[in-house]
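Here is the structure we will look at.
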Amino acid sequence: MAKILVIGSMNMDLVVETERYPEEGETLIGGKFEQIPGGKGANQALAAAKLGDQVEFIGACGDDSFAPKLKSSLKAGGAEIDNIFEIKGVSTGVAVITVDKKGNNRIIVSPGANYELDPEKIEKIKDKIAEAEIILLQLEIPVDTIEKIVEIASKNKTKIILDPAPAQKLPADILTRVDYLLPNEGELDLLLAEAENKSRLEKIEALLKMGVKNIIVTEGEKGIYYYSQNKELHLETLKVKAVDTTAAGDVFAGAFAASLIAENNLKKALEFAVQAAAYSVTKRGAQSSIPDKKELNEFLAERSK
Ligand code: RIB
């Protein structure tokens, strides 16, 4: 039985390196092209599986050539994949990604089968949600599906971690049930559209008042800010030479869930997540940048020399 259940997207990432971005109407010759397994859901499941254990990923794929490659990547990293829905005649999710010289990315997702993961399919796996200790969610599947998952999880006291990416406004009946909300600055702004002109602290206060129990705001190089009703923390990020920031947030979320289950210690889980995300930034791609425990320990040992 999975302790961590990740329900979300799986995408094949079509990645091109570029020196700069094209102007409208311009054709630009880029650098190397690679197909790399990705998708925020699958990335987070793989990170949790490689850095922890008893992780299952539930998602939807098409019946094309991308699907088996994405499944193999998850399986190789130790995630259970017995409940991935295969949708006939629909493309597996795809992300078109450009990465520039500084390691920054621009991503367009074509959701394909990810948007076929509807509430009816969630009904079929509701026992898994009820039995899991933690459910880890992102926003690359339909919002009504997220609502259904959150409703089942909260009824059964399964802890809910939500990474609200890609950024969008969410209904209160989702937000009020979230145990750990992991927005970056942009996502925090969009979550509460009515609070757009408010300060970060005012937005946080509004979310805590709504019932979100723990809020972890990732602010790139400025670090990680944690808030609950009675506690605040700030953690520095590790300084690394960025090669590719794709999926750093996913590695953070997966590592955070893995450590929270293993140690039940919030500060340790945040520190572990910061370390794993820093590792991922030094490697190219999404799932290709996720460390296992040994790789992460070697990376940390090398830094401390
Ligand atoms: O967070 C990175 C991920 O976003 C990529 O792997 C891509 O598939 C998109 O989902």
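Sequential numbering from 1 along the given sequence is applied to the chain's residues. We count ligands from 1, going down the list as the structure has it; atoms in each ligand are counted the same way.
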**Item:** Any Gly249 heavy atom less than 4.0 Å from ligand 1
**Value:** no
**Message:** Quick check on Ser9 - does any of its heavy atoms sit under 4.0 Å from an atom of ligand 1?
**Reply:** no
**Complete:** One should read off an interatomic distance between Leu191 CG and Lys203 NZ, to the nearest 0.5 angstrom, of 10.0 Å
Contacts under 3.5 angstrom, residues 18-26 side chains, donor-acceptor by atom type, not counting sequence neighbours:
| from | atom 1 | to | atom 2 | distance (Å) |
| --- | --- | --- | --- | --- |
| Thr18 | OG1 | Arg20 | N | 3.4 |
| Thr18 | OG1 | Arg20 | O | 2.3 |
| Glu19 | OE1 | Lys101 | NZ | 3.4 |
| Arg20 | NH1 | Glu26 | OE1 | 3.2 |
| Arg20 | NH1 | Glu26 | OE2 | 3.4 |
| Arg20 | NH2 | Glu26 | OE2 | 2.4 |
| Glu26 | OE1 | Glu23 | N | 2.7 |

Shortest protein contact, [atom] (heavy atom only):
{"atom": "atom 2 (C) of ligand 1", "result": "Asp250 OD2, 3.3 Å"}
{"atom": "atom 8 (O) of ligand 1", "result": "Asp13 OD1, 2.6 Å"}
{"atom": "atom 9 (C) of ligand 1", "result": "Glu140 OE2, 3.4 Å"}
{"atom": "atom 3 (C) of ligand 1", "result": "Asn43 ND2, 3.7 Å"}

**Message:** Would the distance check show the side chain of Asp13 and the main-chain N or O of Val15 forming a donor-acceptor pair, the cut-off being under 3.5 Å?
**Reply:** no
**Request:** Ignoring hydrogens and angles, tell me if any N or O in the side chain of Asp179 forms a donor-acceptor pair with the backbone of Ile161 under 3.5 Å.
**Result:** no
**Prompt:** Hey, what's the ring geometry for Tyr225 with His234, parallel, tilted or perpendicular (30° and 60° as the breaks)?
**Reply:** parallel
**SB check Arg284 Asp244 (cutoff 4.0 Å)** = no
**Prompt:** Should you measure from each heavy atom of Gly38, which atoms of ligand 1 turn up under 4.0 Å away?
**Reply:** 6 (O), 8 (O)
**Prompt:** Should you measure from each heavy atom of Ala95, which atoms of ligand 1 turn up under 4.0 Å away?
**Reply:** 7 (C), 8 (O)
**Request:** Can you establish whether the number of heavy atoms outside Lys75 located under 6.0 Å from its atom NZ is more than 12?
**Result:** no
**Item:** Heteroatom distance test (Ala286, ligand 1): nitrogen or oxygen, under 3.5 angstrom
**Value:** no
**Asked** Is the shortest N/O to N/O distance between Lys40 and ligand 1 below 3.5 Å?
**Response** yes
